[in-house]
Amino acid sequence: MKIVAAKKILKANDQLATENRAHFSRHRVFCVNLVGSPGCGKTTLLEGLFARFGQQFAPLVIEGDIAGQVDADRMEKIGVPVVQINTDGMCHLDASMIAAAVQGIALDGVNMLWIENVGNLVCTAGYDLGEHLRIVALSTSEGDDKLIKYPAIFQRSDALVITKIDLLPYLNFDVAKARADMKRLAPEARVFVVSATTGEGLSDVIQWLGEKHVAALGTSPEVLG
Ligand code: MG
Ligand code: ZN
């Protein structure tokens, strides 16, 4: 019987992820891996951010879904170039899927690559895709207990974006508690509180992205900051 240890698979993934990151850096493409539960508002967050980015930002999006192209259609509708990955049952993206998705795509005009991962708070935590930055989105409607229940994904993210803050009056989500739990799990991470529909808080995210872009690649598109 052949038994392949998960550790070995992850090691192979990490090597490929490192190659992806080098490829993106070489092309001056800043890559962000956006993770979070199904329905936490990842696509709406992208729409909200892109509506406020300047032209020079030139994003490219990879949409990861088990099936369908609903989110890719939304990106096309707002004029953002998009590649759809259908994982055919797999509950997360891995570095090989990203390498395949960008193969043959000219990255020269792209400043930023956004990877919207499959909606999942569990195994997406374990797969480096070759991103420079990982953002976890958590909506107020999911509850503030998710940080305690699914610590790994929060521990391994550079920022927590609390979404759907406009729904706060109708829910008992404790923003201060979520902030405190994130501080405990990932002391260096930033916490943003946003509503992608009203636009509240998005400018803070964009400013931070600009800083991280500079930190990763040395320069950023002039529209930032
Ligand atoms: Mg989505
Ligand atoms: Zn998975």
Side-chain angles (χ1 to χ4, degrees), residues 4-14 16-17 20 31-53 59-101 112-131 133-142 146 149-157 159-167 192 194-199 201-202 205 209:
V4 182
K7 257 191 185 161
K8 264 197 176 158
I9 296 170
L10 283 175
K11 194 175 172 201
N13 183 79
D14 284 350
L16 200 44
N20 285 349
C31 180
V32 182
N33 180 8
L34 178 59
V35 299
S37 302
C40 71
K42 295 184 291 302
T43 315
T44 305
L45 177 63
L46 291 183
E47 288 169 335
L49 289 172
F50 294 166
R52 286 159 184 83
F53 283 173
L60 169 70
V61 175
I62 294 175
E63 290 288 355
D65 286 289
I66 289 175
Q69 55 180 68
V70 176
D71 291 349
D73 286 345
R74 285 168 67 178
M75 291 300 120
E76 285 212 315
K77 201 173 169 196
I78 57 171
V80 173
V82 61
V83 179
Q84 175 75 58
I85 298 176
N86 278 149
T87 62
D88 196 23
M90 185 87 89
C91 46
H92 57 267
L93 295 174
D94 66 31
S96 72
M97 297 179 200
I98 300 305
M112 219 169 176
L113 171 63
W114 285 84
I115 302 169
E116 184 183 339
N117 217 314
V118 179
N120 183 336
L121 279 180
V122 186
C123 44
T124 49
Y127 287 84
D128 183 1
L129 303 179
E131 70 267 24
L133 204 65
R134 189 182 293 180
I135 296 175
V136 58
L138 174 69
S139 60
T140 51
S141 53
E142 286 170 83
K146 296 302 169 291
K149 291 174 139 182
Y150 304 92
I153 192 81
F154 296 95
Q155 260 161 354
R156 295 174 194 172
S157 290
L160 163 64
V161 176
I162 299 172
T163 59
K164 308 188 191 182
I165 201 69
D166 49 310
L167 299 181
F192 299 98
V194 311
S195 165
T197 46
T198 69
L202 292 181
V205 180
L209 284 169

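As the structure lists them, so they are numbered: ligands from 1, and atoms in each ligand from 1. For the numbers below, each heavy atom of this structure counts, side chains included, while hydrogens, waters and symmetry mates do not.
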Q: What are the two closest heavy atoms between Glu142 and Cys40, and how far apart are they?
A: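 The answer is OE2-CB, 3.0 Å.
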Q: Glu131 and Asn117: side chain to side chain contact (heavy atoms under 4.5 Å, CB included), yes or no, with the steps?
A: CA-CA 12 Å; Glu131 70 267 24; Asn117 217 314; over 6 Å; no
Q: If we only count heavy atoms from C-beta on, is the Val118 to Ile85 side-chain gap below 4.5 Å?
A: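 No; the side chains remain at least 4.5 Å from each other.
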Q: Do Leu46 and Glu63 come close enough that some side-chain heavy atom pair is under 4.5 Å?
A: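 Side-chain contact under 4.5 Å: yes.
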Q: What pair of heavy atoms forms the shortest contact from Lys42 to Ala137, and how long is it?
A: CG-CB, 4.4 Å
Q: Protein N/O/S atoms under 2.8 Å of the Mg ion (ligand 1)?
A: Thr43 OG1, Asp71 OD2, Glu116 OE2
Q: So do Val35 and Ile115 actually touch side chain to side chain, heavy atoms under 4.5 Å?
A: no
Q: Between Asp65, Ile66, Asp94, which is the residue that forms a side-chain contact (heavy atoms from CB on, under 4.5 Å) with Thr87?
A: Ile66
Q: Nearest heavy-atom pair of Phe154 and Leu121: which atoms, and what distance?
A: CZ-CD2, 4.5 Å
Q: Please verify the inter-ring angle class for Phe50 with Trp114; under 30° counts as parallel, over 60° as perpendicular, anything in between as tilted.
A: perpendicular
Q: Can you count the protein N/O/S atoms lying under 2.8 Å from the Zn ion (ligand 2), leaving waters out?
A: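 Protein N, O or S neighbours of the Zn ion (ligand 2) under 2.8 Å, waters not counted, come to 3.
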